[in-house]
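Reviewing the structure listed below.
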2 protein chains.
Amino acid sequence: MKSRVKTQPSASPASTRKSRRAHGGVTLQDVARLAGVSPITASRAINQPDVVSEDARERVQRAIRQTGYTPNLLAGSLASSRSRLVAVVVPTLTGPMFMETIQALTERLAEVGYQVIIGQSGYDNAREDELLNAIIGRRPDGIVLTGVAHSAKGRVRLAGAGIPVVETWDFIPTPIDMLVGFSHDSIGPEVAAFLRQRGCKRVAVLSADDERAVRRAKSFAAAAHALRITAGKTANSSCEWLPALTSLGVGRRGFAALFERLPKLDGVFCSSDVVAQGVLAEAQARGLRVPEDLAVVGFGDLAFAPDLHPPLTTVRVDANEMGRIAGDLILKRVAGESVKTRLVDVGFSIVERGSA
Amino acid sequence: MKSRVKTQPSASPASTRKSRRAHGGVTLQDVARLAGVSPITASRAINQPDVVSEDARERVQRAIRQTGYTPNLLAGSLASSRSRLVAVVVPTLTGPMFMETIQALTERLAEVGYQVIIGQSGYDNAREDELLNAIIGRRPDGIVLTGVAHSAKGRVRLAGAGIPVVETWDFIPTPIDMLVGFSHDSIGPEVAAFLRQRGCKRVAVLSADDERAVRRAKSFAAAAHALRITAGKTANSSCEWLPALTSLGVGRRGFAALFERLPKLDGVFCSSDVVAQGVLAEAQARGLRVPEDLAVVGFGDLAFAPDLHPPLTTVRVDANEMGRIAGDLILKRVAGESVKTRLVDVGFSIVERGSA
DNA sequence: CATTGAAATGATAGCGCTACCATTTTGGAC
DNA sequence: GTCCAAAATGGTAGCGCTATCATTTCAATG
């Protein structure tokens with residue numbers, strides 16, 4: 001290759017070159033011409049109206065209306081190094097809790113003219129890595145992640161991309177960049193204390209086996225064991241595990257198995273409200289009064305929780321606020337403002353209703 | 001303005017101009033230099049590897065690894081008039097049914113290196129219009145809409161944008177461009193016939209008041225009335241309306257009101273599975289056996305439907321397939337393939353379980 | 001009227017990649 | 001070895017907008 005003779009400049013006239021322009025597309029040039037200003041003034045009239053005279057502004061706006069011009073944000077983003085896109089990665093698009101965060105984030109960003117690119121990792125690090133590669137190529141102004149578990153490669157990639165990153169839905173002291181979340185490990189002990197205060201003497205946990213649910217379950221079981229209120233002899237034997245993708249039916253069958261094993265059970269912490277719903281159904285089928293015979297606590301405070309019979313006591317996390325704050329953090333970063341608080345703990349609360 | 005003296009070319013040396021390049025960013029030029037090829041060969045090695053020699057390809061790939069290069073998709077999209085983005089508009093990000101469609105669409109598109117921009121219209125045409133303006137500026141390769149109700153302005157905008165558009169979740173003969181959906185008006189008569197065949201003699205409908213739910217409800221009531229099996233004297237009096245954002249509790253209270261009004265009721269069609277769940281709860285509280293005393297049919301076949309007691313009979317629409325087909329249609333269009341079938345009716349089915 | 005500084009506008013060049021035409025290289029056939 | 005066509009590679013220019021420096025215009029002041 002190095003030995004190749006360099007090609008000489010072509011003698012072909014440039015004017016015979018085919019146009020590469022998207023046909024029929026109205027550009028800023030067209031607007032500027034019609035308005036009788038330069039393209040950059042037309043651009044300013046759109047993006048920085050306060051530095052353009054009222055007269056010029058009105059002429060540009062009239063030209064935009066007449067031509068039906070829509071700015072090409074690809075070009076503007078490239079020229080300004082500002083895409084006004086934020087990319088979000090969720091494990092699944094059909095999980096109610098994450099989507100609440102994404103909704104709030106999307107709304108916050110839409111207020112300032114941002115759009116959201118969405119990606120699904122399917123709870124799989126390799127897929128997340130692939131997705132991150134594609135996403136970084138989009139040059140978003142920020143990236144929001146719905147968890148803190150990433151591959152080493154993914155971390156390095158994100159840290160080196162020069163893009164603001166906000167991790168959510170967890171709380172660790174060493175985020176990639178910024179973090180808005182809550183501590184799963186702190187929930188267990190709070191719920192254990194709550195059930196003890198409620199008079200429970202033999203409690204257990206019914207939990208999905210995804211990483212975060214496992215942490216909540218284990219911290220609950222350990223705290224309950226320390227309080228000497230576990231239904232099983234050990235913390236471990238007071239946990240019943242369910243496959244990660246839970247449903248009402250899975251929760252129901254899981255409770256049946258748990259109750260078989262620990263029939264003296266008088267309180268149960270469920271890894272989600274969906275699981276708790278299954279527990280309520282099975283408890284009723286077995287003639288157990290809730291909360292008299294069995295106290296039930298869920299997680300998530302989903303929309304249906306107050307409507308169950310009895311209304312579900314559950315751990316509430318403000319998914320909405322996480323999304324809003326994540327949006328704020330990114331916008332501040334983009335604006336060059338000092339972001340003092342890179343770690344935001346939104347906490348959680350136990351919403352007391354009729355089930356416990 | 002027209003009388004202004006044109007500015008003369010500046011004598012300032014071009015080399016004193018500040019660089020506008022994103023600092024530290026590795027570009028294709030850097031990769032090409034390191035690999036000893038031209039930038040366009042490096043580009044081909046990435047995008048069209050089959051027209052590059054194996055030797056050059058490997059040198060480019062090594063250079064990419066060494067530099068950590070990530071293509072700038074803004075630039076590539078602008079130069080090629082191909083963004084590899086598809087924009088989706090949903091009424092809400094927290095509604096389970098739409099998100100199933102979006103998930104399937106996202107997965108289909110991810111297979112071929114596309115990303116999805118997501119927007120929320122909030123069931124508001126003005127908001128949708130605003131969103132469409134922003135979205136069109138992104139120059140996506142396609143736009144997917146989750147309904148056919150748009151403002152006149154929005155329609156004109158979409159039709160004139162030169163971007164493939166797929167409307168979903170409905171079925172009309174006059175889509176803006178392409179359509180993948182099912183007929184809400186056809187569902188009512190099918191459910192009425194089903195309940196009649198089930199032996200019901202006094203049926204009613206419990207429905208949210210959003211446009212599509214209303215169409216299902218009215219067509220059901222009309223068909224049931226024609227079959228002389230309405231619980232009320234008229235089709236209208238056999239409908240009970242709920243505010244559009246329904247929940248289990250709203251469904252439950254709505255059924256209580258309906259039952260108060262029409263106590264001889266022996267079959268009910270609900271506008272969603274969530275509403276049906278509330279009906280099941282209230283029926284049980286009233287000692288009504290389902291389906292012996294009251295047949296219950298839902299809509300949507302949500303994940304919890306089989307787990308209810310009794311398992312819910314419901315109208316199933318393949319939300320997943322709508323997303324997948326929508327993705328396929330857009331990809332075909334982008335590839336310049338002939339898209340013969342611009343209207344795809346995915347139909348619906350009545351999933352018979354224990355509640356009817 | 002002249003001067004000055006701020007406001008308004010314009011020119012130049014570039015953001016990073018790729019469409020398309022041009023040129024070179026390679027391999028097979030005779 | 002020559003010729004030819006296909007494969008491989010490169011040069012030019014542009015996609016549509018905007019950062020930044022340059023120039024012009026305007027308004028206030030003395």
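Lettering follows sequence order; numbering is per chain, from 1.
Which of C:dC17, C:dA19, D:dA19 sits closest to the side chain of A:Ser80 comes down to D:dA19. Of the candidate nucleotides D:dG16, D:dC15, C:dG10, D:dG16 has the atom nearest to the side chain of A:Thr27. Closest to the A:Leu78 side chain, of the nucleotides C:dC17, D:dA19, C:dC15, is C:dC15. You'll find that the side chain of A:Val37 is closest to C:dG10, out of D:dG16, C:dG10, C:dC20. When the nucleotides D:dT9, C:dT18, C:dG10 are ranked by their closest atom to the side chain of B:Ala56, D:dT9 comes out on top. If you check D:dT18, C:dC20, C:dG16 against the side chain of B:Ala75, the one that comes closest is C:dG16.
Rounded to an integer number of Å, the gap from B:Arg59 CZ to D:dT9 C1' is 11 Å. Residue A:Ile40 contributes atom CD1, which lies 16 Å from atom P of C:dG14 at whole-angstrom precision. For the pair B:Arg138 CZ and D:dC17 P, the computed distance is 13 Å after rounding to whole Å. Computed from coordinates, the B:Leu73 CG to D:dC15 C1' distance equals 15 Å when rounded to whole Å. Per the geometry, CD belonging to A:Glu54 stands 15 Å off C1' belonging to C:dA7, to the nearest Å. Atom pair A:Leu28:CG and C:dT9:P shows a separation of 15 Å (rounding to whole Å applied). Between B:Asp50 atom CG and D:dA7 atom P the separation is 11 Å, expressed in whole Å. Between the CG atom of B:Asp55 and the C1' atom of C:dT26 there is a distance of 14 Å, rounded to whole Å.
By the side-chain hydrogen bond (donor to acceptor under 3.5 Å, both in side chains) test, A:Gln103 is found to be paired with B:Thr92, B:Gln120, residues two or more places apart in sequence or in another chain being considered. Not counting sequence neighbours, the partners of B:Arg138 by the side-chain hydrogen bond (donor to acceptor under 3.5 Å, both in side chains) test are A:Gln115. For B:Leu131, the side-chain contact (heavy atoms from CB on, under 4.5 Å) partners are B:Val89, B:Ile135, not counting sequence neighbours. Listed by chain and residue number, B:Ser43 satisfy the side-chain hydrogen bond (donor to acceptor under 3.5 Å, both in side chains) test with B:Asn47 (two or more places apart in sequence, or in another chain). With sequence neighbours left out, A:Arg82 forms a salt bridge (Lys or Arg N to Asp or Glu O under 4.0 Å) with A:Asp141.
Counting non-hydrogen atoms of other residues, nucleotides and ligands closer than 6.0 Å to CD of A:Glu337 gives a total above 12.
Taking only side-chain nitrogens and oxygens, B:Ser53 comes nearer than 4.0 Å to OP1 or OP2 of D:dT9. The shortest distance between the side-chain N/O atoms of B:Ser38 and the OP1/OP2 oxygens of D:dG10 is below 4.0 Å.
Each of B:Gln29, B:Arg62, B:Gln66 was scored for a side chain to side chain contact (heavy atoms under 4.5 Å, CB included) with B:Leu34, with one residue passing: B:Gln66.
Residue pairs satisfying the salt bridge (charged side-chain N to carboxylate O under 4.0 Å, His left out) criterion with at least one member in residues 323-332 of chain A, sequence neighbours excluded, are listed as follows: A:Arg108-A:Asp328, A:Glu321-A:Arg324, A:Arg324-A:Asp328. Applying the ring pair (Phe, Tyr, Trp, His ring centres under 6.0 Å) test to pairs two or more places apart or on separate chains, those with a residue in residues 122-170 of chain B are B:Phe98-B:Trp169, B:Trp169-B:Phe182.
Place B:Pro39 and A:Thr41 on DNA chain C by their nearest nucleotides, and A:Thr41 ends up nearer the 5' end.
For the helix from C:dC1-D:dG30 to C:dC30-D:dG1, the rotation axes defined at the first and last 5 base pairs enclose an angle of 30°, given to the nearest 10°.
Inter-residue side-chain proximity for A:Met99 and A:Thr146 is flagged as unmet; no heavy-atom pair is nearer than 4.5 Å.
Of the residues in residues 42-49 of chain B, those with a non-hydrogen atom less than 4.0 angstrom from any atom of DNA chain C are B:Ser43, B:Arg44, B:Asn47.
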